[in-house]
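Computation of the quantities below employed the complete heavy-atom set of this structure, encompassing side-chain atoms and omitting hydrogens, waters and symmetry-equivalent molecules. Lettering of chains follows the sequences in order, A, B, ..., and the numbering in each one begins at 1. Source: prediction; values computed, not measured.
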Number of protein chains: 2
Amino acid sequence: MKPETRKEEIIKTAAKLFKEKGYSAVTMRDLAKAMGIKAASLYNHINSKQDILKSIIISIAEEFTNGMNEIKSSNLSSINKLKQVVKLHVNITSQNTYGMASLNNDWMHLEDKLDYYLELRSNYEDQFRSILIEGINNKEIVDSNVEVMLFSILSTLRSLYLWIPKKEALNIDELSKNLSQVLINGINK
Amino acid sequence: MKPETRKEEIIKTAAKLFKEKGYSAVTMRDLAKAMGIKAASLYNHINSKQDILKSIIISIAEEFTNGMNEIKSSNLSSINKLKQVVKLHVNITSQNTYGMASLNNDWMHLEDKLDYYLELRSNYEDQFRSILIEGINNKEIVDSNVEVMLFSILSTLRSLYLWIPKKEALNIDELSKNLSQVLINGINK
DNA sequence: TTTTTAAACTAACACTTGTTAGTTAACTTG
DNA sequence: CAAGTTAACTAACAAGTGTTAGTTTAAAAA
């Protein structure tokens, strides 16, 4: 479809390297080599190493924010909202496994965008929590420790980037369904 | 109790810094400053930066291996074995939240100990999986996708280091119980 | 054809990195 | 007290860091 710009290529390659070794361990010379050019040439397309990280993380974080807002403002049942959240994570992650690694592990190197990122993340968690509480109040969800439920589900969803790439011939819809099943109904018979 | 050696102090401080910024972003001068000494002085106690990382990660990985071996060789029901695994993670993590961060995020910088670590991890996952399969075979556990169950539970347990520190006045036993409840029985009413 | 643009290059910079060598001062042990 | 040990220090180095300046080349636009 749309022919990728050189800048987008660089950011994508960077995300791949960041996933393998982490932001700090990847040098501009590593990135240049992966692109088949010299380090200085990168600066014809990007402003700084920092900027690359920002591009990667902030765009994904905003995707999550937008997705969550949509789900929150729907009039689905609480359980179905949760299923939509699972789908949101599976979709974003399967389209950007490299970027999700940076989001999870390298957000602390964001510098001037750090506060913005932390705010997005905090808001996201608040909205997630409120879905659970709503579900408890209308008897859809069992009334046990909300924080444990929240972080249990969220941890799994945030780790998706680690094992989605391993599943070849992955069916996104099936994965979402399986995950919802396990996260919502547990594994007990 | 036992008065910590200088070396142990350094490793502990390093683990703390590694959790905050990641192994690669922490310099020996950062570590020295946190210890209140000069960088060169660190080398009276440790061999290299690499060595510190090894100490942190390998010791924890072996703790997990030993714990899992014990659980596997017990004659508990499958569900009770899982509950013991949850306890194992909560115990180790609550005693070493900093080290768990390195284990999760910086294992790829292990160099010569990398293969050994990967073997331990792979064996651990195999044993975890076999508990689930055993449980399915004897009708304790619902017969759905084993990999999804495995990674869903494991992701949560591996992320414990991120939020155990936030819970002040944390009751370890209660957390284990709550977690087992959510992971095994789900949240559906 | 001339001009502009995109994208690479070489060379260099100022700074930071992990680490070593050699020294010094204060305790502990014989 | 003498000898050894522990744990700090200063000074330095060789390699690697992100980044800038200025230049070249080939394709696209005028």
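- A search for ring-ring contact (aromatic ring centres under 6.0 Å, His included) contacts involving F151(B) returns W163(A), not counting sequence neighbours.
- Residues S176(B) and D173(B) have side chains that never bring a donor and an acceptor to within less than 3.5 angstrom of each other.
- Counting only residues at least two apart or in different chains, ring-ring contact (aromatic ring centres under 6.0 Å, His included) contacts with residues 34-53 of chain A are absent.
- Contacts with DNA chain C (heavy atom under 4.0 Å) in residues 108-116 of chain B: none are found.
- More than 12 heavy atoms of other residues, nucleotides or ligands shown are found within 6.0 angstrom of CZ on F128(B).
- Near-neighbour residues of DNA chain D inside residues 46-60 of chain B, defined by a heavy atom below 4.0 Å, are absent.
- For the pair L17(B) CG and dG18(C) C1', the interatomic distance rounds to 16 Å; values are reported in whole Å.
- Inspection of the S78(A) and E140(A) side chains reveals an N or O donor paired with an N or O acceptor under 3.5 Å.
- Note on E125(B) versus R158(B): salt bridge recorded, some NZ/NE/NH1/NH2 to OD/OE distance being below 4.0 Å.
- Between S41(A) and the phosphate of dC9(C), there is a side-chain N or O to OP1/OP2 separation shorter than 4.0 Å.
- Where DNA chain D meets chain B (any atom under 4.0 Å from a heavy atom), the bounding nucleotides read 5' to 3' are dA7(D) to dA12(D).
- Residue R29(B) places none of its side-chain N or O atoms closer than 4.0 Å to OP1 or OP2 of dT19(C).
- Residues meeting the side chain to side chain contact (heavy atoms under 4.5 Å, CB included) test with A61(A), sequence neighbours left out: L103(A), Y117(A), L120(A).
- Annotation: salt bridge (Lys or Arg N to Asp or Glu O under 4.0 Å) contacts involving residues 37-56 of chain B, sequence neighbours excluded, comprise D51(B)-K54(B), K54(B)-D112(B).
- Residues from residues 30-39 of chain B with heavy atoms under 4.0 angstrom of DNA chain D, sorted by number: I37(B), K38(B).
- For the ring-ring contact (aromatic ring centres under 6.0 Å, His included) test, residues two or more places apart in sequence or in another chain that qualify with F64(B) are H89(B), Y124(B).
- Atom CG of L160(B) is separated from atom OG1 of T97(B) by 11.0 Å, given to the nearest 0.5 angstrom.
- Residues meeting the side chain to side chain donor-acceptor pair (under 3.5 Å) test with K81(A), sequence neighbours left out: E134(A).
- Evaluation of the ring-ring contact (aromatic ring centres under 6.0 Å, His included) test over residues 14-33 of chain B, restricted to residues two or more places apart or in two chains, returns F18(B)-Y23(B), Y23(B)-H109(B).
- A donor-acceptor contact under 3.5 Å links the side chain of N44(A) to the base of dA8(C).
- Residues forming a side chain to side chain contact (heavy atoms under 4.5 Å, CB included) with N188(B) (at least two apart in sequence, or on another chain): I79(A), I184(A), N185(A).
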